[in-house]
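Written out below as structure tokens is the structure these notes cover.
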Amino acid sequence: MAIPLLDLTRQNGPIRDEINEAISRVLDHNKFILGPEVAELEKKVSEYSECKHGIGVASGTDSLLISLRSAGVEPGDEVITTSFTFFATAGVITRVGAIPVFVDILPDTFNLDPDLIESAITGKTKVIMPVHLYGQCADMDRINEIAKKHNLAVVEDAAQAIGAKYKGKKAGSMGDLGCFSFFPSKNLGACGDAGMIVTNDDSHEEMCRKLRVHGSKPKYYHSVVGYNSRLDTLQAAILGVKFNYLEGWHEGRREKARKYNELFTSEKVKKPFESEDCYHIYHQYTIRVPERDALAQHLKEKGIGHAIYYPLPLHSQECYRELGYKEGDLPETESAAREVISIPIFPEMTDEEQKEVVSTIEGFYK
Ligand SMILES: *Cc1c(COP(=O)(O)O)cnc(C)c1O
């Protein structure tokens, strides 16, 4: 039985008519750029994330880029982040002319190790950018405490964590700016690229709104150089439909995670750690295993979807060679990159499929 890592057909199928109606409404009013659906989605997502403002942008990557600009990051500044993340997290730091400073992760949550942040701070540090990897929040109390002490801004890369909670607080609401991605495979996915920034700060809101339209306010008057980075009206309309199902989908994923936790019995498989401070939305169900690459090959042969997020840490990427990191600098990051594998998880998965995934993995180690 072939089992996909994620099956968007099963997600979108039952709501296809609703999505088509939403698209039709946009075709009726023709307000393709910053139409009413964008503001409606901004309201929904900001309220859901317990933030005063939402600013829709063209992608999760752009939400990070614009947030760094709004936080005042300039060429030569440093931004502290994790090396165990999707490339965009660090790419945007470089694109604003700043320098990514990578700090190691905790081996259980795969998120920034707060104990290592302070020693990475220099006179040039402007921002700490934690990533809530796989849908579980980083230790935001500790991170915010350090940021406050050193007068740094916090930009949350919550691309994988919309709706996740830390001590009851929503992902994206704890830093100065929170960043979401609606890439199709995220828990709330568009039918194309889309993203959003959330913030409680009025001046960040104003700056982010300006930066997404070439830095102009009023129109044709540019106080800063910005981007063409608007959230597409059609995508906002589709997301507005899908948003209404998000909480149920999170619960569905959490249910699948509980089921996997029950089904896995092999001591070779290290199951995901769920911190008691966190409501994990299981964007990914990621296990740690020995002989990871051989297991991946085995799953491929058996038709079982899987992915390695992420095989090469950012400090080891060719484009960052000049930053001067070497093997062994971030040992927890490096060992996670060798051992992790993400397996199928989506709300519509069946028990039979989960059992098959587990028996195929455990069978490999027998
Ligand atoms: C998906 C993702 C991004 C980028 O989002 P896009 O919408 O693809 O631009 C950034 N950071 C992390 C951690 C992500 O998972």
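No hydrogens, no waters, no symmetry mates; every other heavy atom, side chains included, goes into these values. We number each residue from 1, following the sequence as shown. Whatever order the structure lists them in is the order used to number ligands and atoms, beginning at 1.
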Could you list the atoms of ligand 1 found under 4.0 angstrom from a heavy atom of [X]?
X      : value
Val131 : 13 (C)
Thr85  : 13 (C)
Thr89  : 11 (N)
Gly60  : 5 (O), 6 (P), 7 (O), 9 (O)

Polar contacts were defined as any N/O atom of the residue lying under 3.5 Å from an N/O atom of the ligand; does this apply to Gln160 and ligand 1?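 Between Gln160 and ligand 1 (N or O atoms, distance only) the closest approach is under 3.5 Å.
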Can you tell me which residue and heavy atom of the protein come closest to [atom], and the distance to 0.1 Å?
atom                    : answer
atom 11 (N) of ligand 1 : Asp157 OD2, 2.8 Å
atom 8 (O) of ligand 1  : Phe183 CD1, 3.6 Å
atom 7 (O) of ligand 1  : Ser181 OG, 2.6 Å

Same cluster for Phe180 and Ile281 if Ile/Leu/Val/Met/Phe/Trp/Tyr side chains link at under 4.5 Å?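 No, Phe180 and Ile281 fall in different hydrophobic clusters.
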Which of these passes side-chain hydrogen bond (donor to acceptor under 3.5 Å, both in side chains) with Arg230: Asp232, Asn228, Thr233?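 The residue from Asp232, Asn228, Thr233 that satisfies side-chain hydrogen bond (donor to acceptor under 3.5 Å, both in side chains) with Arg230 turns out to be Asn228.
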May I ask which of Met129, Gln284, Lys186, His132 has a heavy atom nearer to atom 14 (C) of ligand 1 than the others do?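 Considering heavy atoms of Met129, Gln284, Lys186, His132, the nearest to atom 14 (C) of ligand 1 sits in Lys186.
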Whether His315 and Tyr325 hold their rings parallel, tilted or perpendicular, with breakpoints at 30° and 60°: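 The rings of His315 and Tyr325 stand perpendicular, inter-plane angle above 60°.
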With a 3.5 Å cut-off and no angle check, do the side chains of Glu274 and Tyr282 form a donor-acceptor pair?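 Glu274 vs Tyr282: donor-acceptor pair found between side chains.
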Taking the six-membered ring of Tyr48 (Phe, Tyr or Trp), confirm whether the NZ or CZ of Lys170 is under 6.0 Å from its centre and within 45° of its axis.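 Yes, a cation-pi geometry holds between Lys170 and Tyr48.
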Regarding Glu40 and Arg25, does a basic nitrogen lie under 4.0 Å from an acidic carboxylate oxygen?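 Not counted as a salt bridge, because no side-chain N and carboxylate O are separated by less than 4.0 Å.
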Just to be sure I read this right, does ligand 1 sit under 4.0 Å from the backbone of Thr61, its side chain, both, or neither, counting only heavy atoms?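 Looking at Thr61 and ligand 1, atoms from backbone and side chain both fall under 4.0 Å.
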With rounding to the nearest 0.5 angstrom, report the CD1 to CD1 distance, Ile99 to Ile80.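 Interatomic distance, Ile99 CD1 to Ile80 CD1, rounded to 0.5 Å: 12.0 Å.
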